[in-house]
Amino acid sequence: MNLGFWGTIGGLLMHNIPVFILITVLVIAWKQEIVGAIAFFLAGLLYIALLLINIFKGQGEWYMLAWSIQIAGPAFLIGFLFYKGWLKKRKNNI
């Protein structure tokens with residue numbers, strides 16, 4: 001695309017904004033597991049919702065829903081593991 005060095009760096013940073021947000025949530029979730037459980041579960045739901053919106057607008061195909069398992073599935077798994085950790089910590093404090 002002939003963007004040059006700074007244009008390439010800007011594009012890289014722009015496309016990594018969701019990663020930076022999830023890293024921030026992860027750092028917070030290490031102290032408060034319920035935050036991680038809710039945030040990662042909502043991140044998975046948000047991805048599926050945005051994918052469905054694009055499909056209904058005609059900007060995608062239905063087979064793309066299978067791809068959502070590869071991206072939203074790990075987010076749901078991480079959210080579930082944070083939830084189980086929160087329950088275990090809560091049970092030990094009672």
Side-chain angles (χ1 to χ4, degrees):
M1 292 180 59
N2 297 328
L3 295 177
F5 178 75
W6 291 111
T8 303
I9 294 296
L12 177 69
L13 291 175
M14 183 66 64
H15 285 89
N16 281 314
I17 289 173
V19 173
F20 296 142
I21 292 170
L22 287 177
I23 287 173
T24 304
V25 170
L26 181 62
V27 169
I28 294 168
W30 277 335
K31 298 289 183 183
Q32 301 291 325
E33 285 92 356
I34 193 66
V35 172
I38 293 169
F40 279 94
F41 184 75
L42 288 177
L45 285 179
L46 177 67
Y47 179 77
I48 291 173
L50 291 174
L51 185 64
L52 284 172
I53 289 170
N54 284 337
I55 289 171
F56 287 132
K57 285 183 177 179
Q59 298 173 354
E61 299 294 329
W62 284 102
Y63 65 83
M64 294 172 77
L65 279 175
W67 297 351
S68 68
I69 295 170
Q70 296 173 354
I71 295 174
F76 289 139
L77 176 64
I78 293 168
F80 174 74
L81 292 174
F82 272 122
Y83 179 71
K84 292 297 281 186
W86 176 74
L87 283 179
K88 186 175 180 180
K89 186 184 279 188
R90 187 172 165 216
K91 180 181 173 185
N92 288 340
N93 286 341
I94 291 178

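FYI, the numbering just counts along the sequence from 1. All values derive from a computational prediction rather than experimental measurement.
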Cluster link [X] to [Y], ILVMFWY, side chain under 4.5 Å:
X   : Y   : value
F82 : L77 : no
V27 : V25 : yes
M14 : W6  : no
V19 : L46 : no
W30 : I38 : no

- Query: Quick one: are the ring centres of F41 and F76 less than 6.0 Å apart?
  - Reply: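 Ring-ring flag for F41/F76: true, centres closer than 6.0 Å.
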Measure across [X] and [Y] and return the closest heavy-atom pair with its distance rounded to 0.1 Å.
X   : Y   : result
P74 : I69 : CD-O, 3.5 Å
K31 : K89 : O-NZ, 4.2 Å
L52 : L65 : CD2-CD2, 3.7 Å
A72 : G44 : CB-O, 3.7 Å
G36 : A29 : CA-CB, 3.4 Å

How far does [atom1] of [X] sit from [atom2] of [Y], to the nearest 0.5 angstrom?
X   : Y   : atom1 : atom2 : answer
L51 : N54 : CG    : CG    : 6.5 Å
N16 : I23 : CG    : CD1   : 8.5 Å
L26 : I78 : CG    : CD1   : 7.5 Å
L50 : I55 : CG    : CD1   : 11.0 Å
T24 : F20 : OG1   : CZ    : 9.0 Å

- Query: Any side-chain heavy atom of F40 sitting closer than 4.5 Å to one from L81?
  - Reply: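 Side-chain contact under 4.5 Å: no.
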- Message: Are more than 12 heavy atoms, taken from residues, nucleotides or ligands other than N93, located less than 6.0 Å from that residue's CG atom?
- Response: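 Above 12, so yes.
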